[in-house]
Structures are given as C-alpha cells and as structure tokens.
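Have a look at the structure below before the remarks.
A quick note: this is a predicted structure, and the numbers were derived from the prediction, not measured.
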Amino acid sequence: MVKKVFPKNFLWGNSTSSMQTEGAVKEGGKGKSVYDTYRAKDGTSIWDTAIDEYHRYPEDLDLFANLGINCYRFQISWSRVNPLGDGDFNPEGIKFYSDLIESLLARNIEPMICLYHFDMPLNLAQKYNGFSSRHVVDAFVRYGKKMIDIFGKKVKYWITFNEQNLYFMPGATKIAGKIKGKETMADLYIISHHLMLAHAQIANYLHEKTSAKIGGMLAYSEVYPASSMPKDILYARQIDEFLNKNLLDAFVLGHYSNEVVNFVQKNNIQTGVLPSDLAEISKMKSDFIAFSYYQSSTISSTLVPEKTAPNYYFKFGGKENPFLPVNEWGWSIDPDGFRDVLTKTYNQYHVPMFPIENGIGLRETYYGKEIQDDQRIEYHKEHLRALKKAINNDGVKVLGYLVWGLIDIPSSGGDMAKRYGMVYVNRTNTDLLDLKRIPKKSYWWFKKVISSNGASLN
C-alpha cells in the first residue's frame, strides 16, 4: 500500500536560471554573457528584462513562502560576479546573491546554487571558444571555488552545470560558449570531458572545505525503442549508456563508462584526457543525483544512418510515441517514465535522487480572472503519484521535488508564450506590460499539496 505522505524533511520547491529571471543586464556591474548577444527572432523575447527578478525578488520570495516551499534552486550568473569570467570579482554582484540567500533563509527556504546554466561570459566565449578550452575550465573552477568560499557555509545544496549531459549531444557547443567553428563529434567529447573535470574539482573542493552537499545533474529523458525490433532496443540502451550512464558512472563511481571509453578508442577520437584528469575524477563523490524530467522519447533504428554515433541517434531517429499525449510543443506526458528513471537509477547507483526540474509548458493569457490551468495540475499530480510509487513501492530514496516553475519566465528559447509557472507574469514576448504577478489555480492546489506533505493530491 502506498503511503499518503512524502518523507519527513522532504524538499518542495522551485528551479530557475539567472538569464530567464533576473534582467538588469547593464546594472550592478554585470558583464556581458553570450545571452546578451541573442536578439529576438520569430516573435520571441530578448533577455534584457526577463521578469525583472533582480529588482522584484523580495515580492516573489514572499509568494514562494506563502506557497510553503522550503527549497529554491537559483543560478549565480558567472558574468554578474565576474564580468570577464577570468578577471576581478564584482563586489556588487556578489552582494546581490548574498542578499538573495539571506532573504531565502529568513523565509525558511533552503537555497540551492547552480553555477552554470548555458550563459558563458562573453569574453571567455570570444577569446577562448568557451569550454572547448582548458583556460575556461580553470576560470570556472576559480569562480566556483570563490562562490564556495563565500556561500559554502550557508548554502547546503549545490550543482555545477545544469543538465550536464546536454553537452554530449548535438548543439552542445552553443551552450558551452563555443562560438567559432563548426561543431564536430570530437567537440562533444572534449567539451563533455572538460565539464566533468571542472565538476570534479568543484565537488572535491566543496567536500574538502564545507559540509554542504553536491551532485551532478542530467536532463533525463526515458528512452523507449520504437518497436520490439532488436536494433531499436539496442539503440535505446546505447542512448542511455552514452548520454546518461557515462556521466552517472563518473559522478558516483569515479570513472567513465567502459563502453564509451572503448568507442572513443576504436574511433580514434582525440579527447585530450590526461591521467591527472582521471585522477581528479576518481576522487569525486556525489551526495545526490539531480535531474530534470519533462518527457520521454522514442527511437527508431531504421531512421538512423549506419555508423552514426549514439550521440546523434536522436537527430535522425526520434519518433513520437503513439501511446502518450503531448503538449502543444510536442513534448510527451509520461509519469511512468519518471518513475522508471528514478527507480532504475537508484537501483544501480544507490545515491539519493533529486528531481529538480519538472513541469509543463502551456499557452495562457490573463483576462482579469484566475487562470484555470487544470492541465498543469493534472501533470504535476500524476508525476507526484509516480514519485510516491517510486519511494514507497520501489524503495527509492528521494530528497525532494522542485518544479519548473513556480513563476512564468521566458523559455530557454526566449518564448514568453510557453509558460511553466503557477504564478502568471503579466508580459508578452514584445510588451513588458506591468510584470504583475498573479497566482493561477495551480498555485493554490500546490499549496495544499505542500502543506499536507503530499497527502492531498486531489
């Protein structure tokens, strides 16, 4: 029988990124990031204001506190605290995050810091091509250690890179700050290794200097074979091995996947891995496994050209699952996949799981009456039921559940029309309007869920 409530001290909360919330791109001594060069296209928004969290965070934290959350994952903007990325630190930027952390703690909300969410300082992208360079690895480690020195005693939960496995997939060079040259397969392997090396150094330093906890983070999408054809099953397994387990092995076991290492050697991919890098990774431990989960995926091997690397299977062979509903953007809704990711990962690695992003994008407009976002309520309700089964039926240890998100922000592509929040922000892609915050129906539903520690999911 499934228990009615979640574990004691369960963390209920919200996740955001700096560029999707803060705005104030020319204030407080902030340097430019690559996001400041992205201009609106096809009717999307630019990042100059976002939802103006830089000025309005006390108001939003009050909304969060009223909701009852006890954890907030936010991102420190690297270029706000170090305008050039590898230069002098900016006291005004550091003070902003210090004030934010104090404001969270005053409301009994545990802060969780993410150090990098796709927004490379522009100087490092232009001079060194981002994380394709070891200079940028060193700069990131210097920045991360500085943040640990300042905030490590007050912030108990940390992650380094948002959705770190995305850097092993097509498009990795953009989010890693590599702005020159065509992306190659070798780039994926070099950048992915550089990020793991940086993560290991930060994790080892955090454990040496503080009692805080840190984990690697994946964008985990359950992958199904499109049929019972053996090659479909093989491809689904290989995707999981290359895009997920390779990093999980490093996070938890201190080494890369045997299959991936063999692939690199057989294909003579020059990754630049040094013995000292592997020694640093081998010393690493993870206190939890963090991940985002939005949807599952389906792979058809018949659509994938021969000799394609597993990193690229989805580029050719991704298919819509006919057995699952999808939202307007074609993202499948699959709570059972969420449970399976939780359970199979915990079974293999025996490290507490921490889903820190889960949500659904919907198109919504405010006309003066409360937004009835029943589809969002149903999405979270079913995923929480799946989470409860993973904990109580399957024996998975789970630290908490953070949604993306409690408040509307521009999507990662800059689209304000794709809304994830339980609080409406009154702006569009082209008009800032008044940026008023307006709770939706889901806000009040989630408040009951939190106050009952998950007992009330109706």
(Q) Test side-chain hydrogen bond (donor to acceptor under 3.5 Å, both in side chains) on Asn429 and Asp415; report intermediate values, then the result. (A) CA-CA 6 Å; Asn429 279 328; Asp415 189 3; 3.0 Å; yes
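- Glu22 pairs with exactly one of Arg80, His55, Arg56 by the side-chain hydrogen bond (donor to acceptor under 3.5 Å, both in side chains) rule, that one being Arg80.
- Side-chain atoms of Tyr443 come within 3.5 Å of backbone atoms of Leu63 as a donor-acceptor pair (strictly under, hydrogens ignored).
- Contact detail for Glu370 and Pro439: the closest heavy-atom pair is CG-O, 4.1 Å.
- A donor-acceptor contact shorter than 3.5 Å links the side chain of Thr21 to the backbone of Ser17.
- A cation-pi contact, defined as under 6.0 Å to the ring centre and within 45° of the axis, links Arg419 to Tyr424.
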(Q) Tyr294 vs Glu357, test: side-chain hydrogen bond (donor to acceptor under 3.5 Å, both in side chains). Steps then yes/no. (A) CA-CA 8 Å; Tyr294 294 95; Glu357 288 184 27; 2.5 Å; yes
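- For Asn244 and Asn165, the side-chain atoms include at least one donor-acceptor pair closer than 3.5 Å.
- Not one N or O on the side chain of Asn358 forms a donor-acceptor pair closer than 3.5 Å with the backbone of Val403.
- For the pair Asp249 (side chain) and Leu253 (backbone), a donor-acceptor distance under 3.5 Å is absent.
- Note: Tyr97 and Phe151 fail the aromatic proximity criterion, with ring centroids not under 6.0 Å apart.
- Judged by distance alone, with hydrogens and angles left aside, the side-chain atoms of Asn392 form a donor-acceptor pair with the main-chain N or O of Lys388 at under 3.5 Å.
- Here the options are Ile190, Val34, Thr173, Val136, the test is side-chain contact (heavy atoms from CB on, under 4.5 Å), and the partner is Lys178; only Thr173 passes.
- Side chains of Asp334 and Ser296: a donor-acceptor N/O pair is present below 3.5 angstrom, by distance only.
- Within the 6.0 Å centre-distance limit, the rings of Phe6 and Trp12 are counted as a close aromatic pair.
- For Asp434, the CG atom sits in a packed shell: over 12 heavy atoms of surrounding residues, nucleotides or ligands are nearer than 6.0 Å.
- The closest side-chain heavy-atom distance from Arg339 to Asn393 is below 4.5 Å.
- Under the 3.5 Å distance criterion, the side-chain polar atoms of Asp36 are matched with a main-chain donor or acceptor of Ser33.
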Q: In sequence, state the C-alpha distance, the side-chain angles, and the governing distance for Glu241 and Asn246, and then conclude on side-chain hydrogen bond (donor to acceptor under 3.5 Å, both in side chains).
A: CA-CA 6 Å; Glu241 187 71 27; Asn246 181 50; over 6 Å; no
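- Between Tyr235 and Tyr313, the ring centre distance stays below 6.0 Å.
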Q: Using the ring-ring contact (aromatic ring centres under 6.0 Å, His included) rule, take Phe291 and Phe354 through it: C-alpha gap first, then chi angles, then the decisive distance, then the call.
A: CA-CA 7 Å; Phe291 69 102; Phe354 200 168; 9.2 Å; no
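- In the displayed structure, Lys344 atom NZ is contacted under 6.0 Å by more than 12 heavy atoms of other residues, nucleotides or ligands.
- For the residue pair Ser292 and Glu163, a side-chain donor N or O sits within less than 3.5 Å of a side-chain acceptor on the partner.
- Across all their heavy atoms, Asp287 and Lys213 have their closest contact at OD2-CA, 3.2 Å.
- Phe161 pairs in a ring-ring contact (aromatic ring centres under 6.0 Å, His included) with only one of the listed residues (Phe131, Phe118, Trp78, Phe168), which is Phe131.
- Here Tyr38 contributes atom OH and Thr44 contributes atom OG1; the two are 12.5 Å apart, rounded to the nearest 0.5 Å.
- Taking the six-membered ring for Trp and thresholds of 30 and 60 degrees, Tyr116 and Phe140 have ring planes more than 60 degrees apart, a perpendicular arrangement.
- Aromatic rings from Tyr189 and His193 are positioned such that their centres are separated by 6.0 Å or more.
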Q.
Determine whether Phe89 and Lys146 satisfy the following criterion, side chain to side chain contact (heavy atoms under 4.5 Å, CB included), listing intermediate values before the conclusion.
A. CA-CA 9 Å; Phe89 286 92; Lys146 180 75 169 180; 3.6 Å; yes
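- Using modelled atom types and a 3.5 Å distance limit, the side chains of Asp240 and Tyr220 yield a donor-acceptor pair.
- Between the side chains of Ser332 and Asn321, no donor-acceptor pair is found at a separation under 3.5 Å.
- For the pair Thr343 (side chain) and Asp340 (backbone), a donor-acceptor distance under 3.5 Å is absent.
- Using modelled atom types, no side-chain atom of Asn426 and backbone atom of Tyr366 make a donor-acceptor pair closer than 3.5 Å.
- Judged by distance alone, the side chain of Asp373 and the main-chain N or O of Arg376 form no donor-acceptor pair under 3.5 Å.
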Q.
One pair to check against side-chain hydrogen bond (donor to acceptor under 3.5 Å, both in side chains): Asp149 and Tyr205. What are the steps and the verdict?
A. CA-CA 10 Å; Asp149 290 342; Tyr205 186 80; 2.6 Å; yes
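- Under a 3.5 Å cut-off, the side chain of Arg107 and the backbone N or O of Phe64 do not form any donor-acceptor pair.
- Counting heavy-atom neighbours within 6.0 Å of Asn66 CG, excluding the residue itself, gives a total above 12.
- In this structure, the ring of Tyr57 has its center less than 6.0 angstrom from the ring center of Phe96.
- Atom NZ of Lys397 has 12 or fewer neighbouring heavy atoms from other residues, nucleotides or ligands inside a 6.0 Å radius.
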Q: Run the numbers on His199 and Phe251 for ring-ring contact (aromatic ring centres under 6.0 Å, His included), then give the verdict.
A: CA-CA 9 Å; His199 171 83; Phe251 290 145; 5.0 Å; yes
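- The local environment of NZ in Lys381 is crowded, with over 12 non-hydrogen atoms from other residues, nucleotides or ligands closer than 6.0 Å.
- The ring-ring contact (aromatic ring centres under 6.0 Å, His included) test with Tyr293 singles out one residue from Trp404, Phe338, Tyr401, and that residue is Phe338.
- With 3.5 Å as the limit, one finds a donor-acceptor pair spanning the side chains of Ser79 and Lys30.
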